[in-house]
> 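Dumping the structure here so I can ask a few things about it.
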Amino acid sequence: MSNMRSGMSRKLEEKGLTGFQIRVLLNTMKIPKGRTVTYKQLASMSGRPKAYRAVGTALKKNPFAPRIPCHRVVRSDGTPGNYSARGGTRRKVKMLKSEGAI
DNA sequence: TTCCTGACGCTCG
DNA sequence: GCGAGCGCCAGGA
């Protein structure tokens, strides 16, 4: 478990991501299937409850789109938010529906 | 080092 | 209920 995370975080570092970014992505991959988390929650998990802005930037830089379920991160007001990966927001909603998150 | 932008959040009109 | 504005932090130029 820890070994796995360490390896992943190293890979992320090689991708040019910084500590905060890595923590965000690491927490994102922990999100269970069929469950959604808000940017605020993710920011809190990463140690910076008010850095929800930076969280969005981090997810955007996510180099492991399928491995890191960034589509499970939604906004606090219920809207799905944006999605830079393949398919865009449309695909994001579709995936969430498929997982039963909605 | 300073300024600008951004996959956001919350309040106000 | 909806739209606009201000505030938040991190990263890049």
> State plainly whether the residues A:E99 and A:R35 are in salt-bridge range, i.e. N to O under 4.0 Å.
no
> Once you round it to whole Å, what is the distance between P of C:dG11 and CG of A:N62?
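Going from CG in A:N62 over to P in C:dG11 covers 16 Å.
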> Measuring from the side chain of A:Y52 (C-beta onward, heavy atoms only), which nucleotide among C:dG11, B:dC10, C:dC8 has the closest atom?
C:dC8
> For A:R48 and C:dG7, give me the distance from atom CZ to atom P, rounded to whole Å.
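One finds 21 Å between P of C:dG7 and CZ of A:R48, rounded.
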> Quick one: label A:A54 by what it contacts on the DNA or RNA (base, sugar-phosphate, nothing), any heavy atom closer than 4.0 Å.
base
> With a cut-off of less than 4.0 Å, is there a side-chain N or O of A:K61 near OP1 or OP2 of C:dG12?
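Yes, within the criterion.
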> Would you say a side-chain N or O of A:R75 is under 4.0 Å from OP1 or OP2 of B:dG9?
yes
> For A:P80, does its backbone N or O pair with a side-chain atom of A:K92 as donor and acceptor, under 3.5 Å?
yes
> Across the strands shown, which category fits A:S84 at heavy-atom distances under 4.0 angstrom: base, sugar-phosphate, nothing?
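It contacts base atoms.
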> A:Y39 and A:V93: same hydrophobic cluster, using ILVMFWY side-chain contacts below 4.5 Å?
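Each belongs to a different hydrophobic cluster.
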> Which nucleotide in the set C:dG11, B:dC10, C:dA10 lies at the smallest distance from any side-chain heavy atom of A:A51?
C:dA10
> So, A:T28 side chain and A:V24 main chain: donor-acceptor pair closer than 3.5 Å or not?
yes
> Whole angstroms only, please: what is the CG-P distance between A:L42 and C:dC8?
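A:L42 atom CG is separated from C:dC8 atom P by 21 Å.
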> Identify the heavy atoms of A:S46 and A:N27 that sit nearest to each other, and give their distance.
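Looking at all heavy atoms of both residues, the closest pair is OG-ND2, 3.3 Å.
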> When you check the phosphate oxygens OP1 and OP2 of B:dT5, does a side-chain N or O of A:K60 lie under 4.0 Å from one of them?
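No, no such contact exists.
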> Which listed nucleotide (C:dA10, B:dG9, B:dA7) is nearest to the side chain of A:L59?
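When the side chain of A:L59 is considered, B:dA7 is the closest of C:dA10, B:dG9, B:dA7.
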> Taking the side chain from A:T79 and the backbone from A:R75, do they hold a donor-acceptor pair closer than 3.5 Å?
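No, because the side chain of A:T79 does not come within donor-acceptor range (under 3.5 Å) of the backbone of A:R75.
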> Grab the CG-P distance between A:L12 and C:dG11 for me, whole Å please.
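Rounding to the nearest Å, CG of A:L12 and P of C:dG11 are 13 Å apart.
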> What is the distance, to the nearest angstrom, from the NZ atom on A:K15 to the P atom on C:dG11?
18 Å
> Take the protein atom CG of A:N82 and the nucleotide atom C1' of B:dA7, then report the distance between them rounded to whole Å.
5 Å
> B:dG6 phosphate, OP1 or OP2: any side-chain N/O from A:T57 under 4.0 angstrom?
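No, outside the criterion.
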> Rounded to the nearest angstrom, tell me the gap between atom CD1 in A:I68 and atom C1' in B:dA7.
14 Å
> Between protein and nucleotides 1-3 of chain B, what N or O pairs are separated by less than 3.5 Å?
none

> Shortest non-hydrogen contact from A:K61 to A:Q21?
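Looking at all heavy atoms of both residues, the shortest contact is CD-NE2, 3.3 Å.
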> A:C70 and side-chain contact (heavy atoms from CB on, under 4.5 Å): which partner among A:I31, A:L42, A:L59?
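It is A:L59; the other options fail the test.
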> What is the separation between atom CG on A:D77 and atom C1' on C:dG3, rounded to the nearest whole Å?
13 Å
> By the 4.0 Å heavy-atom rule, please label A:F20 as base, sugar-phosphate, or nothing.
sugar-phosphate
